[in-house]
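Heavy atoms only: backbone and side chains are in, while hydrogens, waters and symmetry mates are out.
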Amino acid sequence: ALTSNKPTDWSDDQNAVWQSVEDHWDHLINKRVDQFIEYIHPDMMGYGHESPIPVDRPWLHKWVGFWTKTTDIAICELRPVDIHIHGDIAILQYLIFTVEKNAEGGKRVIRRYTMTWQRGKDHWVVIGSHNNLMDETLRG
């Protein structure tokens, strides 16, 4: 599992949302771009630390395709902060800590996410996202 610790009192819906988050990141880390994109709603909108322009599904497909060819994840920890369910909409906040390696070397990266997910046919899908880097202190 990508998460070593999460609340034990979550509802079935909260656990289902979090499983979608874990599956989504597992696809990214293991360079399965097409499966990763299946967790993104066609009308998704957001902002990410890696882009000065708004992020959408086509942009993510392009960026993640490039990123997975140039970056390896040595280890990853997902840490939930909170999940609120509103019918078929979930708003969640979490942190992800990774150690990444690429042609420039290695670095420790901590990202903070606020995401909006919608209940889908097979799993929850991202409809809105905003993330930023919290720390990039270790290189080499």
Determine whether the aromatic ring centres of residues Tyr39 and Trp124 are separated by less than 6.0 angstrom.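 Centroid separation for Trp124 and Tyr39: 6.0 Å or greater.
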
Tell me whether the rings of Tyr113 and Tyr94 are parallel (<30°), tilted (30 to 60°) or perpendicular (>60°). parallel

Under 30°, 30 to 60°, or over 60°: which ring-plane class applies to Trp63 and Phe66, parallel, tilted or perpendicular? tilted

Is there a side chain to side chain donor-acceptor pair (under 3.5 Å) between Asp34 and His27 once you walk through the steps? CA-CA 8 Å; Asp34 291 337; His27 290 311; over 6 Å; no

Please report the C-alpha distance between Trp117 and His24 in whole Å, then the side-chain angles of each, then the deciding distance to 0.1 Å, and finally whether the ring pair (Phe, Tyr, Trp, His ring centres under 6.0 Å) criterion is met. CA-CA 12 Å; Trp117 291 65; His24 177 69; 5.6 Å; yes

Under a single-linkage definition using a 4.5 Å side-chain heavy-atom cutoff for Ile, Leu, Val, Met, Phe, Trp and Tyr, are [X] and [Y] assigned to the same hydrophobic cluster?
X: Trp10; Y: Leu95; value: no
X: Val21; Y: Ile85; value: yes
X: Ile40; Y: Ile127; value: no
X: Tyr47; Y: Leu60; value: no
X: Val55; Y: Leu28; value: yes

Just how far is it from atom [atom1] of [X] to atom [atom2] of [Y], taken to the nearest 0.5 Å?
X: Gln14; Y: Lys6; atom1: CD; atom2: NZ; value: 10.0 Å
X: Leu78; Y: Glu22; atom1: CG; atom2: CD; value: 6.0 Å
X: Asp56; Y: Ser129; atom1: CG; atom2: OG; value: 12.0 Å
X: His130; Y: Met115; atom1: NE2; atom2: CE; value: 12.0 Å
X: Ile110; Y: Leu133; atom1: CD1; atom2: CG; value: 10.0 Å
X: Glu104; Y: Thr70; atom1: CD; atom2: OG1; value: 9.0 Å

Full working for side-chain contact (heavy atoms from CB on, under 4.5 Å) between Cys76 and Ile96: CA-CA 7 Å; Cys76 168; Ile96 182 168; 3.6 Å; yes

Report yes or no: does [X] contribute a side-chain atom to a donor-acceptor pair with the main-chain N or O of [Y] at less than 3.5 Å?
X: Asn15; Y: Ser11; answer: yes
X: Arg119; Y: Val17; answer: no
X: Thr68; Y: Gly65; answer: yes

Set out, in order, the CA-CA distance, both residues' side-chain angles and the distance that settles side-chain contact (heavy atoms from CB on, under 4.5 Å) for Val81 and Arg112, then state yes or no. CA-CA 10 Å; Val81 174; Arg112 179 173 52 188; over 6 Å; no

Side chains of [X] and [Y]: is there a donor and an acceptor less than 3.5 Å apart?
X: His84; Y: Asp82; answer: yes
X: Asn102; Y: Lys107; answer: no
X: His49; Y: Asn132; answer: no

Answer yes when Glu100 and Arg111 have at least one side-chain N-carboxylate O distance shorter than 4.0 Å, and no when they do not. yes

Should Arg57 and Asp43 count as an ion pair when the cut-off is N to O under 4.0 Å?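 Answer for the salt bridge query: no.
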
Side chain to side chain donor-acceptor pair (under 3.5 Å) evaluation trace for Arg108 with Thr98: CA-CA 6 Å; Arg108 178 178 64 188; Thr98 56; over 6 Å; no

Sub-4.5 Å side-chain heavy-atom contact between Ile73 and Val99: no

Note, His61 side chain near Val33 side chain (heavy atom, < 4.5 Å):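 Touching, per the 4.5 Å side-chain cut-off.
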
Taking atom CD1 of Ile89 as the centre, report whether more than 12 heavy atoms of other residues, nucleotides or ligands fall under 6.0 Å from it.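 Check passes, neighbour count above 12.
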
Please test Glu77 against Thr3 for side chain to side chain donor-acceptor pair (under 3.5 Å), starting from the C-alpha separation and ending with a verdict. CA-CA 6 Å; Glu77 173 68 18; Thr3 306; 5.6 Å; no

Could you walk me through whether His86 and Ile91 pass side-chain contact (heavy atoms from CB on, under 4.5 Å), step by step? CA-CA 8 Å; His86 304 277; Ile91 299 170; 4.1 Å; yes

Between Phe36 and Arg32, is the side-chain contact (heavy atoms from CB on, under 4.5 Å) condition met? List the steps. CA-CA 6 Å; Phe36 169 85; Arg32 297 183 300 261; over 6 Å; no

Begin from the C-alpha positions of Gln19 and Asp23 and carry the test side chain to side chain donor-acceptor pair (under 3.5 Å) through to its verdict. CA-CA 6 Å; Gln19 187 61 57; Asp23 293 345; 2.8 Å; yes

